[in-house]
Trainee: 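Submitted below is the structure of interest, expressed as structure tokens.
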Amino acid sequence: MGSQRHGGPGTGRPDGEAPRLLIGGRLVAGERTYPSVDPATGRVLGQAPDATPAQAEAAVAAARRAFDTTEWPADAALRVRCLEQLHEVLTEHKEELRELTIADTGAPRVVTHGAGLDEPLGIVRYYADLLRGYSFTEELGEIEARGRRHRRWVEKEAAGVVAAITAYNYPNQLALAKLAPALAAGCTVVLKGAPDTPLVTLALAELIAEHTDIPAGVVNVLTSAGPAVGEVMTTHPDVDVVTFTGSTATGRKIMTAASGTVKRVFLELGGKSAMVVLDDADFDLVAMAAAFTICSHAGQGCAITSRLLVPRAHHDAIVERVAAQLAGVRYGDPTDPGTYMGPLISERQREKVDGMVRRAVDAGAKLVAGGEKVDPGFFYTPTLLSGVDPDSEIAQEEVFGPVLAVIPYDDDDDAVRIANNSAYGLSGAVHSASEERAIAVARRIRTGTLSINGGNYFAPDVPFGGFKQSGIGREMGVAGLEEFLERKAFATVVS
Ligand code: NAD
């Protein structure tokens, strides 16, 4: 057994006590707990509460009460102040959160300086600022109808109680990209963290409870080892909106579960994004971009470009360059500032990744590099598969590991066809010496975000989400706020 994590960022919790759930403004211990494992060592990092369905019911009831009986949904000034406070307290405890994030997720330090931690804090700031200038009323002007004059307008109001369910890979990003806009809109929230990375989500709960004026019941936080709590949240009649980030398979279940009470459902799901290398691109630069992208958080990112589409005539030359770059990727201890790639989250995930690589080879792909497990911890070496059939499993299914599939194409039309030959439509990238040509190709790819020659779209003001089976709706940006608003139309008779 490894060391137990004591206390939490900025909490008065005594050493050795497990972190607590947040229900109705109170931090409450779990009736039972389960271990959270450090994926870099395989050792137990700490215990997390395994919430019961009854605790999920209590959290929904608290959120409902806070929505129906407090000023929270109507008091935008209070919400701005609370979001600013939340940003302040997160910033104050950022370095403690960083260490916890590294330990709980296995994300190397470098990842926490981006989407792992620092960028998500900017989302809270962004929604505080957006809310300050946001107009909840839209004038539609006057019209003549049925012999009278009518004034019409639309008021946007909070959609109600939100059930927020997150994936394991970026717990700060996923929690805050749901919490901040939902709170800005005036909703109340029950947030459930992922079973594999509960400690980060629980640390957010403690900071909210102990260091902000967010009223009791407005934010409730649960963690659980199994799906029962999520099932309560997605079927409960008092929940108005479900916002979910996770796999497409779970997303389908959630849509079905939520349909019984016709909830609004927002889904951020899986991806199998393509990086398209046009024949005039700088192959050295592309090789570096492809290699470092696939190894980012060990490939455990929904928007990672895991298919590399290359001109057939240049396939071998590009593969050689990517292999050379992958050989230089430093993996290992995620606490070491020089580490670029950490472990996969669990042995279960590593087995899944390895099985997909083995089957890809059986299906005819060439294993150019990687394909090895490294112990202790759940490490998997940067893996390159070349000559991949675009219809094969490795080209169609999400791996969520550091596995890059290189697929040759014949011309630009063929590249677009292969890029779109996917059930997913989350992200993508195009590289070319001609920005105009790259943009023209990108416009034909059916995904929610596209990077041109390395352009970075990922920021709090940019709507993020997917086409096709990568999801429904957009997170972040103004669109992210409006996911949590209802529109109510009014009309009066002027004369
Ligand atoms: P997952 O689908 O296994 O679990 C996600 C969450 O759903 C967890 O909190 C889990 O406990 C919960 N859950 C499981 N069954 C449920 C049920 N029946 N009802 C309600 N909740 C239930 O996903 P994961 O393995 O944690 O994360 C990896 C997946 O997440 C990948 O597919 C990845 O692409 C996706 N993801 C998408 C985005 C995005 O923005 N599009 C971002 C990050 C991760």
Side-chain angles (χ1 to χ4, degrees), residues 39 105-107 111 115 165-171 173-174 194-197 244-255 267-276 290 293-309 341 343-363 365 370-371 378 380 382-385 388-407 418-429 445-451 458 464-472 475:
T105 67
V111 167
I165 300 176
T166 57
Y168 74 81
N169 55 338
Y170 285 97
Q173 164 72 29
L174 302 181
D196 283 327
T197 52
F244 169 75
T245 299
S247 63
T248 296
T250 308
R252 280 192 203 101
K253 284 189 202 160
I254 284 178
M255 257 184 120
L267 304 171
E268 289 281 9
L269 308 177
K272 191 73 204 181
S273 301
M275 179 180 285
V276 179
T293 303
I294 196 65
C295 293
S296 170
H297 198 3
Q300 300 166 108
C302 52
I304 283 176
T305 41
S306 52
R307 293 183 293 158
L308 185 65
L309 275 49
M341 190 182 92
L344 292 168
I345 192 66
S346 62
E347 186 58 37
R348 187 183 69 248
Q349 182 63 15
R350 188 163 70 162
E351 281 301 318
K352 181 194 153 199
V353 170
D354 192 52
M356 289 183 79
V357 170
R358 304 288 140 223
R359 291 195 295 279
V361 172
D362 290 347
F378 312 125
Y380 199 78
T383 301
L384 183 62
L385 293 160
V388 169
D389 173 353
D391 291 320
S392 63
E393 181 197 46
I394 200 77
Q396 291 291 324
E397 301 293 328
E398 188 178 46
V399 180
F400 236 51
V403 179
L404 183 63
V406 185
I407 303 173
I418 295 172
N420 285 330
N421 173 20
S422 174
Y424 297 112
L426 192 57
S427 189
I445 297 175
R446 297 193 63 227
T447 62
T449 50
L450 278 146
S451 162
F458 198 73
F464 180 84
F467 284 34
K468 301 195 268 182
Q469 293 183 35
S470 286
I472 300 173
E475 205 150 72

Trainee: Is it true that, when you exclude Arg359 itself, more than 12 heavy atoms of the residues, nucleotides or ligands shown sit nearer than 6.0 Å to its CZ?
Mentor: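 Yes - once you tally the heavy atoms of other residues, nucleotides and ligands closer than 6.0 Å, there are more than 12.
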
Trainee: Using modelled atom types only, decide if a donor and an acceptor are shared between the side chain of Thr245 and the backbone of Ala167 within a distance under 3.5 Å.
Mentor: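 Absent.
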
Trainee: How far apart are the closest heavy atoms of Ser247 and Thr250, and which atoms are they?
Mentor: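 Scanning both residues, the minimum pair turns out to be OG-OG1, 3.0 Å.
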
Trainee: Look up atom CG in Leu174 and atom CD in Glu475, then write down how far apart they are to the nearest 0.5 Å.
Mentor: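 With rounding to 0.5 Å, CG (Leu174) is 7.0 Å from CD (Glu475).
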
Trainee: Can you tell me if Gln300 and Tyr168 form a side-chain donor-acceptor pair at under 3.5 Å?
Mentor: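 The answer is yes; a qualifying pair exists.
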
Trainee: With no hydrogens and no angle check, is any side-chain donor or acceptor of Gln396 less than 3.5 Å from a backbone partner on Asn421?
Mentor: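 Confirmed, Gln396 side chain pairs with Asn421 backbone.
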
Trainee: Which heavy-atom pair separates Lys272 from Ser422 by the least distance, and what is that distance?
Mentor: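 Residues Lys272 and Ser422, closest heavy atoms: CB-OG, 4.1 Å.
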
Trainee: State the OG1-CG distance between Thr293 and Leu308, to the nearest 0.5 angstrom.
Mentor: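 Answer rounded to 0.5 Å: 10.0 Å.
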
Trainee: Minimum heavy-atom separation for Phe400 to Val353, with atom names?
Mentor: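 Shortest heavy-atom separation between Phe400 and Val353 comes out as O-CG2, 3.9 Å.
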
Trainee: Do Leu269 and Phe244 have side chains that get closer than 4.5 Å, going by heavy atoms?
Mentor: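 Leu269 reaches Phe244 side chain to side chain.
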
Trainee: What residues form a side chain to side chain contact (heavy atoms under 4.5 Å, CB included) with Ser427, not counting sequence neighbours?
Mentor: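 Ser427 satisfies side chain to side chain contact (heavy atoms under 4.5 Å, CB included) with Ser273, Ala303, Thr449, Tyr457 once adjacent residues are dropped.
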
Trainee: Please evaluate residues Ile345 and Asn169 with respect to the criterion side-chain contact (heavy atoms from CB on, under 4.5 Å), reporting the C-alpha separation (whole Å), side-chain torsions for both, the decisive distance (0.1 Å), and the verdict.
Mentor: CA-CA 8 Å; Ile345 192 66; Asn169 55 338; over 6 Å; no

Trainee: Given Gln173 and Phe458, is the side-chain contact (heavy atoms from CB on, under 4.5 Å) satisfied, shown in steps?
Mentor: CA-CA 11 Å; Gln173 164 72 29; Phe458 198 73; 3.5 Å; yes

Trainee: State which residues pass side chain to side chain contact (heavy atoms under 4.5 Å, CB included) with Ile418; sequence neighbours excluded, sorted by chain then number.
Mentor: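 Partners of Ile418 by the side chain to side chain contact (heavy atoms under 4.5 Å, CB included) criterion, ordered by chain and then number, come out as Arg307, Leu309, Pro390, Ile407, Tyr409, Asp414.
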
Trainee: Does Thr447 offer a backbone N or O that forms a donor-acceptor pair with the side chain of Lys468 under 3.5 Å?
Mentor: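 Not confirmed, Lys468 side chain does not pair with Thr447 backbone.
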
Trainee: Between Leu385 and Val361, is any pair of side-chain heavy atoms under 4.5 Å apart?
Mentor: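 Result yes, sub-4.5 Å side-chain heavy-atom pair found.
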
Trainee: State, to 0.1 Å, how close Ile294 and Val403 come at their nearest heavy-atom pair, and which atoms those are.
Mentor: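 Nearest pair, atom of Ile294 first, then Val403: CD1-O, 3.4 Å.
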
Trainee: Hey, what do you get for OG1 (Thr248) to CG (Leu267), rounding to the nearest 0.5 Å?
Mentor: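 Between Thr248 OG1 and Leu267 CG, I get 8.5 Å after rounding to 0.5 Å.
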
Trainee: Take Val388 and Val406 through the side-chain contact (heavy atoms from CB on, under 4.5 Å) test and state the conclusion after the steps.
Mentor: CA-CA 6 Å; Val388 169; Val406 185; 5.7 Å; no

Trainee: In a check of salt bridge (charged side-chain N to carboxylate O under 4.0 Å, His left out) between Asp354 and each of Lys352, Arg350, Arg358, which one passes?
Mentor: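 When Lys352, Arg350, Arg358 are each tested with Asp354, the salt bridge (charged side-chain N to carboxylate O under 4.0 Å, His left out) holds only for Arg358.
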
Trainee: For residues Gly466 and Ser470, report the shortest heavy-atom separation together with the two atoms involved.
Mentor: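 Heavy atoms only, the tightest pair is CA-CB, 3.8 Å.
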
Trainee: First locate atom SG of Cys302, then atom CD of Glu398, and finally report the distance between them rounded to the nearest 0.5 Å.
Mentor: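 Answer rounded to 0.5 Å: 7.5 Å.
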
Trainee: Of all heavy-atom pairs between Thr383 and Gly371, which one has the smallest distance, and what is that distance?
Mentor: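 Looking at all heavy atoms of both residues, the closest pair is OG1-N, 2.8 Å.
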
Trainee: OG1/Thr166 to CD/Glu268 distance, rounded to the nearest 0.5 angstrom?
Mentor: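 The CD atom of Glu268 is 12.5 Å from OG1 of Thr166, to the nearest 0.5 Å.
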
Trainee: Roughly how far apart are Ser306 OG and Glu397 CD, rounded to 0.5 Å?
Mentor: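 Interatomic distance, Ser306 OG to Glu397 CD, rounded to 0.5 Å: 11.0 Å.
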
